[in-house]
Student: 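Here's a structure for you.
Along the sequence shown, the residues carry numbers beginning at 1. For clarity, every value in this text was computed on a predicted model and none was experimentally measured.
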Amino acid sequence: MTQPNRPKVFVTRHLPDPVEARILREFDATVQPEGPALSAAAIIKGAQGCDALLVAPGDAITAEVIDALKGSVRVISTFSVGFDHVDVKAAQAAGIPVGHTPDVLSDATADLTWLLLLAAARRAHEGEKMVRDVTWTGWTPTQLMGTQVSGKRLAILGLGRIGQGVAKRARGFDMVVHYHNRSRLSADQEQGAVYHASAESLFQVADFLCLLCPLTPATKGLINSETLKKLPPGAIVVNSGRGPVVDDVALIEALKSGRVAAAGLDVYVGEPNIHPGYRDLPNVYLLPHLGSATVETRLAMGNLAIDNILAVLAGGRPVREVVI
Ligand code: DGY
């Protein structure tokens, strides 16, 4: 049933039921069944005449999409903190503010980063496979010896909200936290973490390297054959930020040679079609982009994504606006 008095919103992805229920109460909305991302052409077609667009990672909200919708769409709200799938410059040039969902997902993503770190260090994938495949013949003194986590150096590339959550958890493991950001944080945000003015300097102390920086032209491919050589031998690499920060060929090579002892990955270049070289490697723990995937967090993200739309349609700015 059409609701002519309510703003029209095109939602590109199936969202958690309570979020969709609120969307359908607040807006005259088109929602989607569970499934892969829509093509740019399908988004343009579906969003014609809409007041707002609610999108998510995996959608390509290009300058072309924005250009096709700028006559009616007044706000783009993404169900994510990351916004590399939205051409924010094109949106801003078209006068369309972009909202996102920071903070509400920081704890869930920090927890998952620790899952990757511990699983990679303690060879969880190999151990689980052994149990499931019935190839475990019993405890032995040398079985699946991993890397000690407690007391080591944790290097965080991108000490933002999620990184600070990862660092907070690291203190419980008696780790010394190092970080690199473009600018040094306040002492209150650092909480004792050691600042490195360059990524190269950070790499040298990275017993564990955690990648949490946003994807930008400067960070794309930053972890490559040259930078991997700067890590201490046997380092462990964890990526819960954005896949393209890593050059897959270089990381796979380093994992094969043992130069990098193990990796824990949640994000990839070309998701969901990840580099096939990862699939058979025993020393990489792979998850399918689950960083924020808890019920509590996904509901909070949905509510903030809706609030961002309502704020703009009421004449204001998104509650959490993307600023570049
Ligand atoms: C984000 O929010 O950017 C994540 O990648 C999905 O939760």
Student: Whether the side chain of D174 engages the backbone of S150 through a donor-acceptor N/O pair (distance < 3.5 Å, no angle test) should be reported.
Tutor: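 A pair under 3.5 Å: no.
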Student: Can a donor-acceptor pair be found, under 3.5 Å and without considering hydrogens, that links the side chain of D266 to the backbone of G291?
Tutor: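 Flag set: sc D266 to bb G291 pair under 3.5 Å.
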Student: Any side-chain to backbone donor/acceptor pair from Y179 onto L185? Under 3.5 Å, distance only.
Tutor: yes
Student: Looking only at non-hydrogen atoms, find the nearest pair between W136 and Q143 and report the distance.
Tutor: NE1-OE1, 3.0 Å
Student: What closest approach, in Å, do V104 and A300 show between heavy atoms, and which atom pair accounts for it?
Tutor: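 Heavy-atom minimum between the residues: CB-CB, 3.8 Å.
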Student: With side chain to side chain contact (heavy atoms under 4.5 Å, CB included) as the test, would you mind laying out the steps for H275 and V249 before giving the verdict?
Tutor: CA-CA 8 Å; H275 192 297; V249 173; 4.0 Å; yes
Student: Look at the side chain of H100 and the backbone N and O of T78, then say whether any donor-acceptor pair between them is shorter than 3.5 Å.
Tutor: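 No.
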Student: Write down the atom of R317, the atom of P97, and the distance for their closest heavy-atom approach.
Tutor: NH2-CB, 3.6 Å
Student: Heavy-atom distance under 4.5 Å between the side chains of V176 and L154, does that happen here?
Tutor: no
Student: Counting C-beta onward and ignoring hydrogens, is there a side-chain heavy-atom pair between I309 and F27 closer than 4.5 Å?
Tutor: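 Contact flag for I309/F27 side chains = yes.
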Student: Does A254 offer a backbone N or O that forms a donor-acceptor pair with the side chain of S257 under 3.5 Å?
Tutor: yes
Student: Is it true that atom CG of D280 has more than 12 heavy atoms of other residues, nucleotides or ligands lying nearer than 6.0 Å?
Tutor: no
Student: Same cluster for L287 and L105 if Ile/Leu/Val/Met/Phe/Trp/Tyr side chains link at under 4.5 Å?
Tutor: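 In one cluster with L287: L105, yes.
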Student: What distance separates K8 NZ from T30 OG1, expressed to the nearest 0.5 Å?
Tutor: 6.5 Å
Student: Locate the shortest heavy-atom distance separating P214 from T219; write the atom from each residue and the value.
Tutor: O-OG1, 2.8 Å
Student: With heavy-atom distances below 4.5 Å as the criterion, would you say the side chains of D188 and Q191 are in contact?
Tutor: yes
Student: With a 4.5 Å heavy-atom cut-off, do Q189 and L159 have their side chains touching?
Tutor: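 No, their side chains stay 4.5 Å or more apart.
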Student: Is there a continuous path of hydrophobic side-chain contacts, each under 4.5 Å between heavy atoms, that joins V31 to L15?
Tutor: yes
Student: Is it the case that the side chain of D133 and the backbone of M130 share a donor-acceptor pair, with hydrogens and angles ignored and the cut-off at 3.5 Å?
Tutor: no
Student: How is the hydrophobic cluster of V55 composed, in terms of its other members, when Ile, Leu, Val, Met, Phe, Trp and Tyr link through side-chain heavy atoms under 4.5 Å apart, directly or indirectly?
Tutor: F10, L38, I43, I44, L53, I61, V65, I66, L69, V73, I76, F83, V86, V88, I96, V98, V322, I324
Student: Could you list the cluster mates of L211? Members are the ILVMFWY residues connected by side-chain heavy atoms closer than 4.5 Å, either directly or through other members.
Tutor: L157, L202, F203, L209, L215, L222, I223, L228, L231, V237, V245, V246, L251, I252, L255, V260, L265, Y268, I274, Y278, L281, V284, L286
Student: Assigning hydrophobic clusters by single linkage (Ile, Leu, Val, Met, Phe, Trp, Tyr; side-chain heavy-atom cutoff under 4.5 Å), is I23 placed with V295?
Tutor: yes
Student: State the OG1-CG distance between T227 and N224, to the nearest 0.5 angstrom.
Tutor: 3.5 Å
Student: Atom CD in E26, atom CG in L313: separation rounded to 0.5 Å?
Tutor: 10.5 Å
Student: How about V11 and F79: do any of their side-chain heavy atoms sit closer than 4.5 Å?
Tutor: no
Student: Enter the distance from S80:OG to H289:NE2 here, rounded to the nearest 0.5 Å.
Tutor: 8.0 Å
Student: Hydrophobic cluster membership, with links at side-chain heavy-atom distances under 4.5 Å among I/L/V/M/F/W/Y: are V177 and V194 in one?
Tutor: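 As far as the 4.5 Å side-chain criterion goes, V194 and V177 are not connected within one cluster.
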Student: In the structure I gave you, are the side-chain heavy atoms of V238 and W114 within less than 4.5 Å of one another anywhere?
Tutor: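 Not touching, per the 4.5 Å side-chain cut-off.
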Student: Taking the side chain as every heavy atom from C-beta outward, state whether M301 and S292 have any atom pair closer than 4.5 Å.
Tutor: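 The answer is yes, as the side chains (C-beta and beyond) meet within the 4.5 Å cut-off.
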Student: Using the rule given for side chain to side chain contact (heavy atoms under 4.5 Å, CB included), can you reason through L144 versus R122, listing the C-alpha separation, both sets of side-chain angles and the distance that settles it, and then say yes or no?
Tutor: CA-CA 8 Å; L144 293 184; R122 300 304 301 273; over 6 Å; no
Student: Counting distance only, does the side-chain N/O of T113 pair as donor-acceptor with the main-chain N or O of V166 below 3.5 Å?
Tutor: no
Student: Give the intermediate values and the outcome of salt bridge (charged side-chain N to carboxylate O under 4.0 Å, His left out) for residues K152 and D207.
Tutor: CA-CA 6 Å; K152 296 281 178 63; D207 297 328; 5.9 Å; no
Student: Determine, for R320 against D307, whether the closest basic-nitrogen to carboxylate-oxygen distance falls under 4.0 angstrom.
Tutor: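 Here R320 does not pair with D307 in a salt bridge, since their nearest N and O are not under 4.0 Å apart.
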Student: Begin with the C-alpha distance, continue with both residues' side-chain angles, and end with the deciding distance and a verdict on side chain to side chain contact (heavy atoms under 4.5 Å, CB included) for E20 and H14.
Tutor: CA-CA 8 Å; E20 284 196 345; H14 174 55; 3.0 Å; yes
Student: At what distance, to the nearest 0.5 angstrom, does OG of S198 lie from CD of Q204?
Tutor: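 These two atoms lie 7.5 Å from each other.
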Student: Of R161, R169, K168, which is the lone residue that meets salt bridge (Lys or Arg N to Asp or Glu O under 4.0 Å) with D107?
Tutor: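 Result: among R161, R169, K168, R169 is the only option passing the salt bridge (Lys or Arg N to Asp or Glu O under 4.0 Å) with D107.
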Student: So that I can tick it off, tell me whether E253 and R259 are bridged by a salt bridge, with the cut-off set at under 4.0 angstrom between side-chain N and carboxylate O.
Tutor: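 Salt bridge flag = no for E253 with R259.
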Student: Would you find a donor on one side and an acceptor on the other, under 3.5 Å apart, between the side chain of R6 and the backbone of R25?
Tutor: yes
Student: List the steps and the verdict of salt bridge (charged side-chain N to carboxylate O under 4.0 Å, His left out) for K129 and E126.
Tutor: CA-CA 5 Å; K129 187 164 169 17; E126 291 166 273; over 6 Å; no
Student: Look at atom CZ of R279 and say whether more than 12 heavy atoms of other residues, nucleotides or ligands are closer to it than 6.0 Å.
Tutor: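 Above 12, so yes.
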Student: Just by modelled atom types, is the A293 backbone N or O under 3.5 Å from a matching donor or acceptor in the T297 side chain?
Tutor: no
Student: Looking at every heavy atom in both A121 and I236, which two are closest together, and how far apart are they?
Tutor: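 Looking at all heavy atoms of both residues, the shortest contact is CA-CD1, 3.6 Å.
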Student: If every non-hydrogen atom of S240 is compared with every non-hydrogen atom of L116, which pair is closest and at what distance?
Tutor: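 Closest approach of S240 to L116, heavy atoms only: CB-CD1, 4.0 Å.
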Student: Is the closest side-chain heavy-atom distance between R153 and M175 below 4.5 Å?
Tutor: no
Student: Output, in order, the C-alpha distance, side-chain angles, deciding distance and verdict of side chain to side chain donor-acceptor pair (under 3.5 Å) for N283 and R123.
Tutor: CA-CA 7 Å; N283 52 345; R123 306 177 64 174; over 6 Å; no
Student: Short question: side chain of N181, backbone of R184 - any donor-acceptor pair under 3.5 Å?
Tutor: no
Student: With rounding to the nearest 0.5 Å, note down the distance linking NE2 in H180 to OH in Y195.
Tutor: 5.5 Å
Student: Check for me, please, whether V81 and L299 land in the same ILVMFWY cluster - side-chain distances under 4.5 Å, paths through other members count.
Tutor: yes
